[in-house]
Amino acid sequence: MTVQDRTAAPAWACFAPELFTDRVALVTGAASGMGQETAIAFAAHGAQVILTDRNEQGLAATLRRCHDVGPGKHQTVVADVATADGVAAIFAAVDQCGRLDHVVCCAAVITTVPALEQDRAHWQRLHDVNVAGTFFVLQEAYRRMLPRSAGTVVVIGSDAGKRGGGGLIADAAYAASKASVLSMVKSLAREFAGSGVRINALTPGPSDTPMHQSISDELRARISAALPIGRMGRADEMAAAALFLSSPAASFVYGASFNVDGGSMFE
């Protein structure tokens, strides 16, 4: 099943084209889905984008689209955020740019393994990528942003991290990893309050992205029907929210978990 077709302009097109001119943005997980769309959105709004992922072919496709919408000095780094060498390679590229203004952490893996079938290797891989990978990217980002007293960080969480995965499109290991990510954002926000570096979490609901392309039509229909808005989210909608949180329009948004979920957590 392919992701939703989009005939209208992407949601992020509403921002001013020059919004991120002369800025450098790092996007992890940029080979597909939300990461890919976020990288393209930054490029379209003037940023120089550093794209990173383990998927070299997907990164190349994202790079081409970034050059199509914004002819900046965009570059790719094939790296695994779950490894020290991968993080080092990413920030070697960052340092070549001479500055870092925006970080969006999209790199993640998702699974739907029944709870009684999950083993330690399963849990370890999800937490290595989703939790440790995110933390050590942020650690290096803060080391570069704090001396300038400026920068923004957006971390992609999940509604599963707030309400549990439910086993439909996210399992217990994934939900636990995303709950850890949301707590991490709050902790970093407290530790670096007043530093000039803003950090927030973006909390998507069920989204029709390549990460979920294997789910059945029946399950897709059930998920859509359960959402107050009546459909799953799109990658461009998540990218638009990431741009908002990275922009001056969100200057008073700090340490938040920003729901973009079609009402999945509507009270």
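Values below: all heavy atoms of this structure, side chains included; hydrogens, waters and symmetry mates excluded.
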Under the side chain to side chain contact (heavy atoms under 4.5 Å, CB included) criterion, do Ile50 and Val24 qualify, and how do the steps go?
CA-CA 8 Å; Ile50 302 169; Val24 175; 4.0 Å; yes
For a salt bridge (Lys or Arg N to Asp or Glu O under 4.0 Å) check, start with the C-alpha distance between Arg125 and Asp80, then their side-chain angles and the critical distance, and finish with the verdict.
CA-CA 12 Å; Arg125 179 58 185 165; Asp80 186 347; 3.5 Å; yes
Tell me whether Tyr174 contacts the main-chain N or O of Leu126 through its side chain, where contact means a donor paired with an acceptor under 3.5 Å.
no
From CA spacing to verdict: side chain to side chain contact (heavy atoms under 4.5 Å, CB included), Leu243, Phe15
CA-CA 8 Å; Leu243 257 62; Phe15 295 99; 3.9 Å; yes
For residues Asn200 and Val185, report the shortest heavy-atom separation together with the two atoms involved.
C-CG1, 3.9 Å
Crowding at CG, Asp22 (>12 non-hydrogen neighbours, <6.0 Å):
no
Test item: Thr38 side-chain N/O and Gly35 main-chain N/O as donor-acceptor pair under 3.5 Å
no
Using only heavy-atom distances, determine whether the side chains of His122 and Thr111 contain a donor-acceptor pair under 3.5 Å.
yes
Decide side chain to side chain donor-acceptor pair (under 3.5 Å) for Thr152 and His102; before the verdict, give the C-alpha distance in whole Å, the side-chain angles of both, and the deciding distance to 0.1 Å.
CA-CA 5 Å; Thr152 69; His102 308 287; 2.7 Å; yes
Beyond-backbone contact of Arg23 with Phe42, side-chain heavy atoms, under 4.5 angstrom
no
Keeping the roles fixed (side chain from Arg198, backbone from Ser247), state whether a donor-acceptor pair exists under 3.5 Å.
yes
So, does Asp101 use its side chain to make a donor-acceptor pair with the main chain of Ala25 at under 3.5 Å?
no
Donor-acceptor contacts, no H, no angles, side chain residues 55-62, under 3.5 Å, sequence neighbours left out:
residue, atom, partner, partner atom, Å
Asn55, OD1, Gln57, N, 3.2
Asn55, OD1, Gly58, N, 2.8
Thr62, OG1, Ala30, O, 2.7
Thr62, OG1, Gln36, NE2, 3.0
Thr62, OG1, Gly58, O, 3.1

Look at the side chain of Thr52 and the backbone N and O of Val77, then say whether any donor-acceptor pair between them is shorter than 3.5 Å.
yes
Could you tell me whether a side-chain N or O of Glu117 sits under 3.5 Å from a main-chain N or O of Pro114, the two making a donor and an acceptor?
no
Stepwise side chain to side chain contact (heavy atoms under 4.5 Å, CB included) check, Arg144 with Asp95
CA-CA 9 Å; Arg144 287 152 177 83; Asp95 290 341; 2.7 Å; yes
Do the side chain of Ser183 and the main chain of Ala179 share a donor and acceptor less than 3.5 angstrom apart?
no
Between the side chain of Gln118 and the main-chain N/O of Val113, is any donor-acceptor distance below 3.5 Å?
yes
If we only count heavy atoms from C-beta on, is the Met145 to Val103 side-chain gap below 4.5 Å?
yes
Whether His45 side chain and Phe20 backbone form a donor-acceptor pair below 3.5 Å:
no
Donor-acceptor under 3.5 Å (Asp159 side chain, Asp261 main chain):
no
